[in-house]
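Just so we're on the same page: letters track the sequence lines, and every chain starts at 1.
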There are 4 protein chains.
Amino acid sequence: MQADDDMRGDRSERAQAQRERRRMHILLAAAKLFGQRGYHGTSVADVIEAAEISRGTFYLYFDSKDAVFLELMEQFIQRIMSVVEVVDPEGATPTEHIAENVRRVVDVVFEHRDLTVMVLREGFGVRPEVDEKLGRFYGFVREMLEGALRNGARHGLTRKVDEALAATALIGAIKEMFLHELVLGHSHEDGRRAVSEALIDFGLRGLLIKSG
Amino acid sequence: MQADDDMRGDRSERAQAQRERRRMHILLAAAKLFGQRGYHGTSVADVIEAAEISRGTFYLYFDSKDAVFLELMEQFIQRIMSVVEVVDPEGATPTEHIAENVRRVVDVVFEHRDLTVMVLREGFGVRPEVDEKLGRFYGFVREMLEGALRNGARHGLTRKVDEALAATALIGAIKEMFLHELVLGHSHEDGRRAVSEALIDFGLRGLLIKSG
Amino acid sequence: MQADDDMRGDRSERAQAQRERRRMHILLAAAKLFGQRGYHGTSVADVIEAAEISRGTFYLYFDSKDAVFLELMEQFIQRIMSVVEVVDPEGATPTEHIAENVRRVVDVVFEHRDLTVMVLREGFGVRPEVDEKLGRFYGFVREMLEGALRNGARHGLTRKVDEALAATALIGAIKEMFLHELVLGHSHEDGRRAVSEALIDFGLRGLLIKSG
Amino acid sequence: MQADDDMRGDRSERAQAQRERRRMHILLAAAKLFGQRGYHGTSVADVIEAAEISRGTFYLYFDSKDAVFLELMEQFIQRIMSVVEVVDPEGATPTEHIAENVRRVVDVVFEHRDLTVMVLREGFGVRPEVDEKLGRFYGFVREMLEGALRNGARHGLTRKVDEALAATALIGAIKEMFLHELVLGHSHEDGRRAVSEALIDFGLRGLLIKSG
DNA sequence: CATGAATGAGTGTTCATTCAT
DNA sequence: AATGAATGAACACTCATTCAT
């Protein structure tokens, strides 16, 4: 009896684990394809071929193509958000804080290359739900950046600038650098460090030696 | 015979002009739609409805949906390229040169809002030919920027930086600012000037008052 | 010029007529299949094969499989309703009136065999819109019948009965007789007359010679 | 050895009984669903959910969805047939005989509402085997009715009519009244009696007071 | 015996492209 | 040159059935 229970428990656990692994497998395959060919360029047929599963199996694990895309997008957003620490405006010089945030974000990005490319290359207009998710995410990022800029200005670290415009520029710069590195990157282990440093460098120091 | 030829010539010329006008009309309608809904979100049906032409007519002027997209992309690229003046590396302080280039590019962008949005929102991966075109274009832009950065460094105007990385960041910043302004922009006449100045500001001066 | 106009007019008219003929052709094919195999047993593939058109053409003429079914159902309902004349309760003996209604309905039914079978064999539960249409139709029929029964009772022609129950029984009898005749019927020209007479006979006279 | 056999026999018997109980359980769940949503509107998924069994188990007890439907239909048919007593043509006035048959059928119908609705709402065309079964059943019913009519005519109880047509009409009336009562019926205990009486009334007496 | 994960043929629908008029 | 009817490959999704555990 006990053995029986144990066996059943084992089997159920193993089944559950297997199921989770398969879900992951599909998500990974989908992320790669979405990253390479975009949402519209990737068909369910592509995904099931890449994941080596049948049509039916795909729908056994996910409600729809959209659902997969949204889940992947959510995964990425969650990972990034969970790794960014809001800087205490009253705290000491925030420079190091920011640098650490950047490093952590870069780590997430480089450990989830496909996911990142997928999110970064897909602009608005794919699906309303996607737009909403992206909107909230970029809103969050923008707030982080604007806060950092305000904070930096208060501490006399950065020039007084139109924070909204500056945040937009920074977002664009970050996206492009990540995309460039991830798509063309030679996957040097130091690509990661180079990007980290470049982001901190450009973000905090700008390009000019002396004011114009 | 001669008169006949003339008449035919006239007719042919007028027909040619009419044909050109119609092509333009279709391209404009397509640009607007591609900008608003993206490549995949725009169907040939949308285009012919917007251009008020028949299905057949569309294919009389263009080989395919792709061809329209590519031609529009080419148009945009040509316009931008034709307006950028390569800075003489031996010349005097290039700051003003650069500023003028920026202003001219901004002018093109704001005078062809649909076209710009279309190009900027569509990343790589739509079609191989599109990728190739975009690749060459960004290669050109990148070269311009890298040249400017090298030049600036030589003149002691900018810090010594990894020009490739810096160019990537700048490209991203520029794209994002344009997109943001064009999509959400309130179409103030001064939006154009604000963006111009912000680009020059961020591009040339960076954000930091004093070096870290 | 005039000839040109005429020709264009002709062409347009002919095109319009051709279009209408094709629509009809598809509807006829669909009605036959729906009648033979039911709504669920008939696929769009079946319809386009029977109508000898391509998948795309089907959707050129109809929005969906449902739309075809609903249009056919509506056609049948309209034909029947347009042919039934509401009996004036104050009028003279309504027997002849009723008999004429029956004959007209029978004519419609026998001239649109597939359509009738399609409607009669499909019960409720196919689609909400279908249910609603059928509900309204049977409501109409029921009202007609109940009115006739009330009328007949007032004139002393029929026994006093629970009109609702009697109407239900009559509806069932009518449906079954039509279905039987249309599905198995040997298409004798007199099948039509036999059914007409039987309906009048059973509806008006009942089965018993003398009351039990 | 003998004890062993007995035990095995017991176990086998118990297992057999359990198996039978489970079969019944599934059939009941299926009948309810088939009645409510029809054959096409009911998926195997619906059935296993309602029966609270697994997919595999379903196919352990039945060969296919069709097999369940057919078995249910057969069940209904058997019940009805087993309850109808063939009237002796040489016997005395058959009125009471008929009335008793009607009452027994009504009892079966009201005690197996789901089953009845299932059979009545599904016309021909679902599956060839279904058609065949239904065909044989209605053949039997038809024979009963025609016999009764012939008998009635011989005894001078009913008018001389085309018995085939009359039987068809009666079948339709019966079906419709049952369906109406079972689907919309307020489940009054007397609904049963009302229907019984109405059937006898309409079937035997018809609607007209005096002969035409 | 029981399970539920896996399958793939089939569904209704879309849309870029062709072609007879 | 202009039209729009016609096409069919491709799409996302469903579901009855099988089978390893």
Among [options], the nucleotide that comes nearest once only the side chain of [X] is considered:
| X | options | answer |
| --- | --- | --- |
| C:Ser64 | F:dT7, E:dT13, F:dA2 | E:dT13 |
| D:Val44 | F:dA2, F:dT17, E:dA16 | F:dT17 |
| A:Arg55 | F:dT7, E:dG12, E:dG10 | E:dG10 |
| D:Tyr59 | F:dT17, E:dA2, E:dA5 | F:dT17 |
| C:Ser43 | E:dA16, E:dT11, E:dT3 | E:dT11 |

query = Aromatic rings C:Phe76 and C:Phe137: how do their planes relate, parallel, tilted or perpendicular, breaks at 30° and 60°?
reply = perpendicular

Over 60° means perpendicular and under 30° means parallel, so tell me whether B:Tyr39 and B:Phe69 are parallel, tilted or perpendicular.
perpendicular

The answer to which of A:Phe58 and C:His40 contacts DNA chain E further toward the 5' end, by nearest nucleotide, is A:Phe58

Of C:Asp66 and D:Arg19, the one whose nearest nucleotide on DNA chain E sits closer to the 5' end is D:Arg19

Please say whether more than 12 non-hydrogen atoms of neighbouring residues, nucleotides or ligands are located less than 6.0 Å from CD in A:Glu49. no

Pair assignment for [N], Watson-Crick or G-U wobble, requiring both distances under 3.5 Å:
| N | result |
| --- | --- |
| F:dA20 | E:dT3 |
| F:dA10 | E:dT13 |
| E:dG8 | F:dC15 |

Report task. Test the A:Arg19-A:Tyr61 pair against the cation-pi criterion, namely NZ or CZ under 6.0 angstrom from the six-membered ring centroid and within 45° of the ring axis. Result -> yes

